Participant: 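Encoded as structure tokens, here's the structure I'll be asking about.
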Amino acid sequence: MAKLLEIDGLVTELGNGRDWVRAVAGVSLVVQRGETVCLVGESGSGKSVTALSVMGLLPRGRFRHPQGRIRLHAERADGTQEGGEALDLLGADAATLTRIRGARIGMIFQEPMTSLNPVMTIGEQLGEVLQLHRPELSDAARAARVVAALEEVRIPDAVQRAKEYPHRLSGGQRQRVMIAMALICEPALLIADEPTTALDVTVQAEILRLMRELQTRRGMGMLFITHDFGVVAQIADTVGVMQKGALVECGPVAAVLHAPQHPYTRSLIAALPEHLPRGARTPGGGDTLLALEDLAVHFPVRRGLLRRVVDHFRAVDGVSLEVRAGEVLALVGESGCGKTTLGRALLRLIEPTAGRVVLQGQDITRHSSRALRPLRRQMQVVFQDPGSSLNPRLPIVTTLVEPMRVHGIGRDDAERRARAAELLARVEMPPDSLWRYPHEFSGGQRQRLAIARALVLEPRFIVCDEVTSALDVSVQAGILKLLRRLVDEQRLGILFITHNIGVVAYLSDRVCVMQSGRVVEQGATDEVLQRPRHAYTQVLLAAVPRLEPGAAP
């Protein structure tokens, strides 16, 4: 195979002109035509900075490259190397980089909603790429190429979708549009930065299959950045593992996953949920903490000039389940199936349309806000993004003490602060965290603080909504162990909303599978995951990317 991209001893430093931090420390790797190289590692390891260095997209005046080279090699259609010098990307001027980006190197970013322009149609955004790199095309040819690009990534009704704005498309469709935009000029090299992180497993499986097919058809090289080892096992030819800016291990995918040489690689693989020691489970079998009986949440669909209600969207449609003391009930399903709406309805953060919510034997479905306030102590929630759920203007001590003050816990603030300090120790956070602000903590630490805030009122029942979805595997492992310990020691009941089947297998005692607002299957975790009965559950489990048996624990 011919070389496409050659990174040789790359050093990238980020700073403000006086203070510099080395984000990439001497990275060397090669991407060849038709090859997929995956870069894995925790947040802050330098993966994305490496990709942005290749593209020349780091913020102007805030970076420097004291050492290293990045060369983009020319190649013929048959894959053989052309003569002449390779292009030095680090030394290229702005005009050259503009010509290269999109035409010879395409890039897919992690979050399509921040990458797509909300005030331009899909067709206009794809057409803009062609206007820049294929100015010889007529308007008709350009429009035809846009539709063909959307059809190639299997966007249904491509002609109509080209006229839509990004907010009218689902997450999976927006990611397909990003792929179409990156590939519309048929680049030789594709860089994909966490392109499937926020997607459901079924959508992720489709996107990965699509990218692989397009790569095979076009013979592209691909630099794929991810922290999901299941994705790595499915798509990679070569794997590079990054830690603190350095490439600590690189080799064929089978060798790295099944016989990792570096301790850091071994620790990452050992932190995967499927490799965590599960231990003996304390049987739930306790009192029922929360029960839902035919719960429904319907949202009105309004149309016409007078916005009359013409129909109802059934987000939750007759769900019955229960959570007992000392158990974790996992609620799984694709985006839009009603998981989060169900969690908010049972907490009475949105009003149910029908059915009953029973908390420790008491029907709270029609309780007023005043009547609910004392019961809020018994049921708490941990949201997906702790960065937005913790008040950035309040120190942690205020975040923890204020709820205790509202509910009359503790004789005075001194006693409440002492209780808060004890709680921080319980979630494995240092005592000085009390006096710091949320922005001073890492993502995993903020999630621990969010758990501490949920525990501060000594609840019996907690809803955890996708609390590990954005975390690195090692940080995720710590959060999962903490939650399991709290359930076993304090006999809490947890409703754990997730789409990560590996997390379900480690953490939960029972599983409910939701589809289109209904529970289609529920039962003991091992029973559902190993012998699923419903066709939807079978499809969901089949789509989960996994390490092949024998991957090093």
Side-chain angles (χ1 to χ4, degrees), residues 196 199-206 208-209 228-235 254 257-258 268-286 288 292 319-335 337-339 342 464 466-469 473 476-477 479-481 483-485 487-488 493-516 518-553:
T196 62
L199 301 179
D200 298 314
V201 289
T202 50
V203 179
Q204 174 181 262
E206 292 174 7
L208 292 176
R209 185 164 53 248
D228 189 330
F229 278 89
V231 170
V232 171
Q234 187 169 329
I235 202 169
L257 295 186
H258 296 283
L268 283 181
I269 295 176
L272 295 172
E274 54 264 41
H275 291 156
L276 294 177
R278 193 174 179 192
R281 286 284 187 263
T282 304
T288 297
L292 304 181
V319 170
S320 297
L321 57 83
E322 63 178 31
V323 181
R324 297 189 287 265
E327 78 166 2
V328 177
L329 174 66
L331 189 62
V332 302
E334 296 175 290
S335 295
C337 71
K339 305 188 300 294
L342 176 70
C464 293
E466 297 278 12
V467 297
T468 63
S469 63
V473 288
Q476 174 183 263
I479 296 295
L480 294 177
K481 291 176 182 177
L483 289 172
R484 190 67 240 185
R485 178 167 57 81
V487 169
D488 292 337
I494 290 183
L495 179 68
F496 196 92
I497 299 171
T498 185
H499 63 258
N500 188 326
I501 303 300
V503 168
V504 171
Y506 167 75
L507 184 66
S508 71
D509 302 285
R510 292 187 299 120
V511 182
C512 279
V513 182
M514 280 191 75
Q515 181 188 27
S516 302
R518 294 178 174 272
V519 171
V520 297
E521 184 166 357
Q522 60 179 305
T525 298
D526 291 342
E527 180 71 21
V528 172
L529 297 188
Q530 295 173 16
R531 290 175 291 279
R533 299 186 303 276
H534 196 275
Y536 175 73
T537 311
Q538 294 167 1
V539 170
L540 203 63
L541 295 178
V544 177
R546 307 174 189 274
L547 266 68
E548 296 176 4

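All figures in this text were calculated on a predicted structure; none of them were measured in a lab.
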Participant: Could you state the interatomic distance from CD (Q476) to CG (L507), rounded to the nearest 0.5 Å?
Facilitator: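 Going from the CD atom of Q476 to the CG atom of L507 covers 10.0 Å.
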Participant: Nearest heavy-atom pair of V503 and T468: which atoms, and what distance?
Facilitator: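 The answer is CG2-OG1, 4.0 Å.
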Participant: Of the non-hydrogen atoms in L276 and A477, which two are nearest, and what is the gap between them?
Facilitator: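 So the two residues come closest at CD2-CB, 3.9 Å.
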Participant: Rounded to the nearest 0.5 Å, what separation is found between the OG atom of S508 and the CG atom of L480?
Facilitator: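 So the OG of S508 and the CG of L480 are separated by 10.5 Å.
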Participant: Please enumerate all residues that pass side-chain hydrogen bond (donor to acceptor under 3.5 Å, both in side chains) together with Q538, with sequence neighbours excluded.
Facilitator: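 Partners of Q538 under the side-chain hydrogen bond (donor to acceptor under 3.5 Å, both in side chains) test: none.
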Participant: Pair H499, E466 - check side chain to side chain contact (heavy atoms under 4.5 Å, CB included), show working.
Facilitator: CA-CA 8 Å; H499 63 258; E466 297 278 12; 3.1 Å; yes
Participant: Please check if the side chain of T525 supplies one atom and the backbone of D509 the other of a donor-acceptor pair under 3.5 Å.
Facilitator: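 Checked: pair present.
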Participant: Whether the side chain of E521 engages the backbone of R533 through a donor-acceptor N/O pair (distance < 3.5 Å, no angle test) should be reported.
Facilitator: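 Yes: the side chain of E521 pairs with the backbone of R533.
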Participant: What pairs with E206 under side chain to side chain contact (heavy atoms under 4.5 Å, CB included), at least two apart in sequence or on another chain?
Facilitator: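 In terms of side chain to side chain contact (heavy atoms under 4.5 Å, CB included), with neighbours along the sequence ignored, E206 is linked to R176, R209.
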Participant: For the atom pair CD (E327) and CG (L495), what is the distance rounded to the nearest 0.5 Å?
Facilitator: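 The distance works out to 10.0 Å.
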Participant: Using atom types as modelled and distance alone, determine if a side-chain donor or acceptor of K339 lies under 3.5 Å from a backbone N or O of G333.
Facilitator: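 Yes.
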Participant: Are the side chain of E527 and the backbone N or O of A524 linked by a donor-acceptor pair below 3.5 Å?
Facilitator: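 No.
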Participant: I'd like to check the side chain to side chain contact (heavy atoms under 4.5 Å, CB included) partners of S320; sequence neighbours left out, ordered by chain and number.
Facilitator: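 S320: side chain to side chain contact (heavy atoms under 4.5 Å, CB included) contacts with D294.
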Participant: Once rounded to the nearest 0.5 Å, what's the spacing between atom CG of L483 and atom CD1 of I494?
Facilitator: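 It comes to 5.0 Å.
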Participant: Could you tell me which residues satisfy side-chain hydrogen bond (donor to acceptor under 3.5 Å, both in side chains) with E274, sequence neighbours excluded, listed by chain and number?
Facilitator: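 Per chain and number, E274 pairs via side-chain hydrogen bond (donor to acceptor under 3.5 Å, both in side chains) with no residue.
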Participant: For M514 versus L342, what's the shortest heavy-atom pair and its separation?
Facilitator: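 Answer, listing the atom of M514 first, then L342: SD-CD2, 4.0 Å.
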Participant: Name all residues meeting the side chain to side chain contact (heavy atoms under 4.5 Å, CB included) criterion together with L208; count only those two or more places apart in sequence or in a different chain, and write none if there are none.
Facilitator: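 Per chain and number, L208 pairs via side chain to side chain contact (heavy atoms under 4.5 Å, CB included) with T196, Q204, F224, V231, Q234, I235.
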Participant: Which residue is it: I497, V201, N500, V513? I am looking for the one with a side-chain contact (heavy atoms from CB on, under 4.5 Å) to V332.
Facilitator: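 Among I497, V201, N500, V513, the one meeting side-chain contact (heavy atoms from CB on, under 4.5 Å) with V332 is V513.
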Participant: Apply side chain to side chain contact (heavy atoms under 4.5 Å, CB included) to residues F496 and V467 and explain how you reach the verdict.
Facilitator: CA-CA 8 Å; F496 196 92; V467 297; 3.6 Å; yes
Participant: With T498, which residues qualify under side-chain hydrogen bond (donor to acceptor under 3.5 Å, both in side chains), at least two apart?
Facilitator: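 Partners of T498 by the side-chain hydrogen bond (donor to acceptor under 3.5 Å, both in side chains) criterion come out as none, since no residue qualifies.
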Participant: Going from CD on E322 to CD on Q522, what distance comes out if it is rounded to the nearest 0.5 angstrom?
Facilitator: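 So the CD of E322 and the CD of Q522 are separated by 8.5 Å.
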Participant: So, for C512 and L329, which heavy atoms are closest and what is the spacing to 0.1 Å?
Facilitator: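 Closest approach of C512 to L329: SG-CD1, 4.0 Å.
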Participant: Which pair of heavy atoms, one from T537 and one from V528, lies closest together, and at what distance?
Facilitator: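 Shortest heavy-atom separation between T537 and V528 comes out as CG2-CG1, 4.1 Å.
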Participant: Considering all heavy atoms of both residues, which atom of G502 and which atom of P273 are nearest to each other, and what is their separation?
Facilitator: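 Closest pair (atom of G502, atom of P273, distance): O-CB, 3.2 Å.
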Participant: Please report the interatomic distance CG(L268) to CZ(F229), rounded to the nearest 0.5 Å.
Facilitator: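 The distance works out to 4.5 Å.
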